[in-house]
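Taking it in order: structure first as structure tokens, then the write-up.
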Amino acid sequence: MVPPPGSTATPNSARSTPPTSAPRSASRSAACSYPSTAALPDSMLHGLDAFAERIAAALAAALDLPADVVRLERPRHDEHGEFAYPCFRIAKERGVNPAQMAQDLAAGLDIDGVGAAAVGPFLNFTIAGTDLAAAVLAASLSDSFGRGSDGRTTLVEYSSPNIAKPMHIGHLRTTVIGAALARMYDFLGHRVVRINHIGDWGSQFGKLLAAWARWGDDDALKADPIGHLLKLYVQFHAEEEQDTGLKDEAKAAFRALESGQECPERALWRRFTELSLGDFETIYQRLGAHFDLVRGESWYEDQLEGLVQWLDECGVLEESDGAQVVDLSSEGIKTPCLVRTGHGTTLYATRDLAAARSRWQEFAFDHCLYVVGAEQTLHFQQFRMVLKRCGSDWWDRIEHIPFGLVRFAEGKLSTRAGRVLRLQEVLDRAVELAREIVEEKNPEHADKQRVAEQVGIGAVVFHDLKHQRQKDVLFDWKEVLSFEGDTGPYLQYTHARCCSILRKSGRPAPSFDEVDSALLQDSRELLVALGRFPAAVREAGDKREPMLVAQALLRLGASANAFYRERRVLGGDDPALENARLAAIDAVRRTLASGLGLLGVPTPEEM
RNA sequence: GCGCCCGUAGCUCAGUCGGAUAGAGCGGCUGAUUCCUAAUCAGCAGGUCGCAGGUUCAAAUCCUGCCGGGCGCACCA
């Protein structure tokens, strides 16, 4: 799974120094309040989508407008129905009273399965109970509930750790967000290519090699590879100030590496890379992340000359203070993009440009997303604009997906100073706590360690994904390790409860044909929560925002818990009712499994 | 100094290209378990949406200024 060094790493590592932070500006194509379904094939119409489309079409006809300009809203309060259309704007354009207009529209509209009512200037739509139950149940019992058949090619670059450094809490965000986005696009029918651009190149490796030559210890390396390499890195930075010889040794070592010749430095570098990748792989397995392409920055080594030459042929290359740069002032960016230093070495941007060009030639992508901390916004703006200046017609398919910094109440962490919070430690502590709780709440469980792993990881992953991507997040053990309230374990618990009920029914879940869905009319809130899942996934994809899926699942979880607390499913005296409720429970179970699966939160059947 | 991001309840956060009484979790207080897992549910208390102007029928949301916090600003990645 992990390619050998030389054909390995790609840049993200360089992408993640210490924890990360702020966002960038290039905004994405935003979805409307309720994403339009007009352009979607029937296969994507699920849940409430079909009603939204019907309403929009009827409204468009009544108003004599194109269907795609009719934007429905989601009312804040249940009593206002499932969809709403405020009449202010249109009424103003047409010089009529909005409330009167709402009333006229309500009186004139006749939509199958949907009631329209005017409340002041608002036109509210409420789906008829039987139609709602039938449509939502049928859709949510389907294996393709929420799936799409988009067909676009989307590359997602994420995680991208640095060789010889432990994955820390900052890597959690890029890994978890990137993996979730990749799964979502796959679910929506994109052709997805997951890329891990590992930081295996650059002058820092000269430092590491120099430090190894001085203080390296083979036994220590074998015992704890990353730990030892980190120690060397820290020691280098502690001593380089007082020891100019050390710096020279580092430069010499990197030159040897860069020469491309086989040499002791290169052999060592390859060994460090292999050890690091092995370490990363264990984390990826725990987080359920995987990659189609693991390419280190070094993979592009032999493309760098050609890249610089290409820039020159495009006529954008300039010399400035001995370095080669691309001026971007015409694009509104004051800082030029540096592609070759005065000493002739290439840089981060050079490697990214080469990588992007290589990916374009290989995949002809529709989108190439970079899930990288917001502090690198300027870098991505520059890099896109260089491609624009070169006259590429695909520069705007490159998109930085920034995310906020992980912050600590106790102050900043620093890799150089050796103060890091290892991702492994975070996961271990979460699992350990989960183990204690399982021990206490379900001492009979057949495989406590396995559930503890699932619940602990689920808590950490969900905690990250329930926040808006680009906001900084405060790392607080109490919150990350919380298993109650709006948390991953809460949803896992809900899923396990559903599984438990289905298990105890002692038979396969009823199929839609066997159910009188009208018996579920009293569970409107649950049906609506289920029915909104497909739109949530679609909008999350459009906005590159996994949080929207997390929020939709929390709403579903809350209504599901209320549902089975208030209503006995099994053992009543009405077999038809039991059947219908069992089907609803199955729909919740399927949807939670599907949604949590997209986020990378495991779904144990018992906990 | 310049640029970008953020500022909603005690805490952590939602709030749909501006729209109807600003929502949820945690914490606090009341209650609920003869019954499918109480990692749960029902309810109460708690908010000048950083401040000041502006645009609009309508502003937490858009514009301007200010305050506070963060990140970035070529030979690192």
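Labels below follow one simple rule: chain letters A, B, ... track the order of the sequence lines, proteins then strands, and each chain is numbered from 1.
Going from the C1' atom of B/A22 to that of B/G65 covers 26 Å, rounded to whole Å. One P atom belongs to B/G19, the other to B/G31, and the distance between them is 40 Å to the nearest Å. Separating the P atom of B/G69 from that of B/U8 is a span of 14 Å, rounded to the nearest Å. Here the separation of B/A39 from B/U34, taken at their P atoms, is 16 Å to the nearest Å. Spacing between B/U61 and B/G15 at atom P, rounded to whole Å, works out to 15 Å. Spacing of C1' atoms, B/G28 relative to B/G10, comes out at 10 Å, to the nearest Å. B/U30 and B/U37 are spaced 30 Å apart, taking the P atom of each and rounding to whole Å. The C1' atoms of B/G70 and B/A59 are separated by 26 Å, rounded to the nearest whole Å.
Minimum atom distance to the side chain of A/Ser203 is reached by B/C76, of the listed B/G70, B/C76, B/A39. Side chain of A/Ser500, nearest nucleotide from B/C36, B/C76, B/A42: B/C36. The side chain of A/Arg76 lies closest to B/A60, out of B/A60, B/A74, B/C36. Closest to the side chain of A/Thr335, from the set B/G19, B/C75, B/C73, is B/C73. Closest approach to the A/Lys92 side chain among B/G72, B/U56, B/G25 is made by B/U56 (side chain taken as heavy atoms from C-beta onward). For A/Asn124, counting side-chain heavy atoms from C-beta on, the closest listed nucleotide (B/A20, B/U37, B/C36) is B/A20.
Contacts of A/Thr487 with the nucleic acid, taken as non-hydrogen atoms under 4.0 Å apart, are absent. Counting non-hydrogen atoms under 4.0 angstrom, A/Ala349 reaches nothing in the nucleic acid. Nucleic acid contact class of A/Arg581 (heavy atoms, under 4.0 Å, all strands): none. Base contact: A/Arg89 has a heavy atom under 4.0 Å from a base atom. Counting any heavy atom pair closer than 4.0 Å across all strands shown, A/Pro98 reaches no nucleic acid atom. If you check every strand for non-hydrogen atoms under 4.0 Å, A/Leu347 touches sugar and phosphate atoms only. Residue contacts shown for A/Gly202 are limited to sugar-phosphate atoms, with no base heavy atom under 4.0 Å away. Heavy atoms of A/Glu545 sit nowhere under 4.0 angstrom from any nucleic acid atom.
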Write out a two-atom table: protein N or O, nucleotide N or O from nucleotides 11-13 of chain B, distance below 3.5 Å.
from  : atom 1 : to       : atom 2 : distance (Å)
B/U12 : O4'    : A/Glu479 : OE2    : 3.1
B/U12 : O2'    : A/Glu479 : OE1    : 3.2

Atom pairs, protein N/O to nucleotides 46-49 of chain B N/O, distance under 3.5 Å:
none

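A/Phe83 has its CZ atom 17 Å from the P atom of B/U16, to the nearest Å. Going from atom CZ of A/Arg497 over to atom P of B/C41 covers 10 Å, rounded to whole Å. Here B/C41 presents its P atom at 8 Å from OH of A/Tyr493, a figure rounded to the nearest Å. Rounded to an integer number of Å, the gap from A/Phe383 CZ to B/C76 C1' is 18 Å. The distance from atom NE2 of A/His400 to atom C1' of B/G72 is 12 Å, rounded to the nearest whole Å. Here B/C73 presents its P atom at 12 Å from CG of A/Leu338, a figure rounded to the nearest Å. Computed from coordinates, the A/Glu436 CD to B/A39 P distance equals 16 Å when rounded to whole Å. Rounding to whole angstrom units, CD of residue A/Glu240 and C1' of B/C76 are separated by 12 Å.
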Trace of the side chain to side chain contact (heavy atoms under 4.5 Å, CB included) decision for A/Thr126 with A/Glu82
CA-CA 6 Å; A/Thr126 303; A/Glu82 282 68 55; 3.9 Å; yes
Show the numbers, then the answer: is there a side chain to side chain contact (heavy atoms under 4.5 Å, CB included) between A/Val473 and A/Asp464?
CA-CA 8 Å; A/Val473 301; A/Asp464 202 304; 5.6 Å; no
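By the 30° and 60° cut-offs, the orientation of the rings of A/Trp201 relative to A/Trp269 is perpendicular.
Checked against the 6.0 Å centroid threshold, A/Tyr158 and A/Phe403 do not count as a close aromatic pair. In this structure, the ring of A/Tyr233 has its center no less than 6.0 angstrom from the ring center of A/Phe205. Between A/Tyr348 and A/His379, the distance from one ring center to the other falls under 6.0 angstrom.
Evaluation of A/His77 against the base of B/A20 yields no stacking contact (centre distance < 5.5 Å, interplanar angle < 30° required). Under the stacking definition used here (centres under 5.5 Å, planes under 30°), the residue A/Tyr490 fails to qualify as stacked on the base of B/A39. By the criterion of a centre-to-centre distance under 5.5 Å and near-parallel planes under 30°, the ring of A/Phe122 forms a stack with the base of B/A20.
One N or O on the side chain of A/Lys466 and one on the backbone of A/Asp486 form a donor-acceptor pair closer than 3.5 Å. Between the side chain of A/Ser482 and the main chain of A/Glu479, no donor-acceptor pair closer than 3.5 Å is present. A donor-acceptor pair under 3.5 Å links the side-chain atoms of A/His171 to the main chain of A/His168, judged by distance alone. The closest donor-acceptor contact from the side chain of A/His400 to the backbone of A/Val372 lies under 3.5 Å.
When all heavy atoms are compared, the tightest approach of A/Leu582 to A/Ile501 is CD1-CG2, 4.0 Å. Residues A/Val406 and A/Gly170 share a closest heavy-atom pair of CG2-CA, 4.4 Å.
Between A/Leu570 and A/Leu123, it is A/Leu123 whose nearest contact on RNA chain B lies nearer the 5' terminus. Each of A/Tyr564 and A/Asp486 was assigned the nucleotide of RNA chain B with the nearest heavy atom; the assignment lying further toward the 5' end belongs to A/Asp486.
For B/U37, the OP1/OP2 oxygens have a side-chain nitrogen or oxygen of A/Lys504 closer than 4.0 Å.
Within a 6.0 Å sphere centred on CD of A/Glu606, other residues, nucleotides and ligands contribute more than 12 heavy atoms.
Screening A/Ile437, A/Val455, A/Val601 for a side chain to side chain contact (heavy atoms under 4.5 Å, CB included) involving A/Pro489 leaves a single residue, A/Val455.
Residues A/Tyr493 and A/Asn561 have side chains that never bring a donor and an acceptor to within less than 3.5 angstrom of each other.
Judged by distance alone with a 3.5 Å cut-off, no donor-acceptor contact links the side chain of A/Asp321 to the base of B/A74. Applying the 3.5 Å distance criterion, the base of B/A74 shares no donor-acceptor pair with the side chain of A/Thr341. One donor-acceptor pair, N or O on each side, does fall under 3.5 Å between the base of B/U40 and the side chain of A/Arg565.
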Watson-Crick and G-U pairing of RNA chain B, under 3.5 Å, as dot-bracket with | and [ ]:
(((((((..((((.....[...)))).(((((.......))))).....(((((..]....))))))))))))....
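For the pair A/Arg532 and A/Phe83, the distance from NZ or CZ to the six-membered ring centre is under 6.0 Å and the angle to the ring normal is within 45 degrees.
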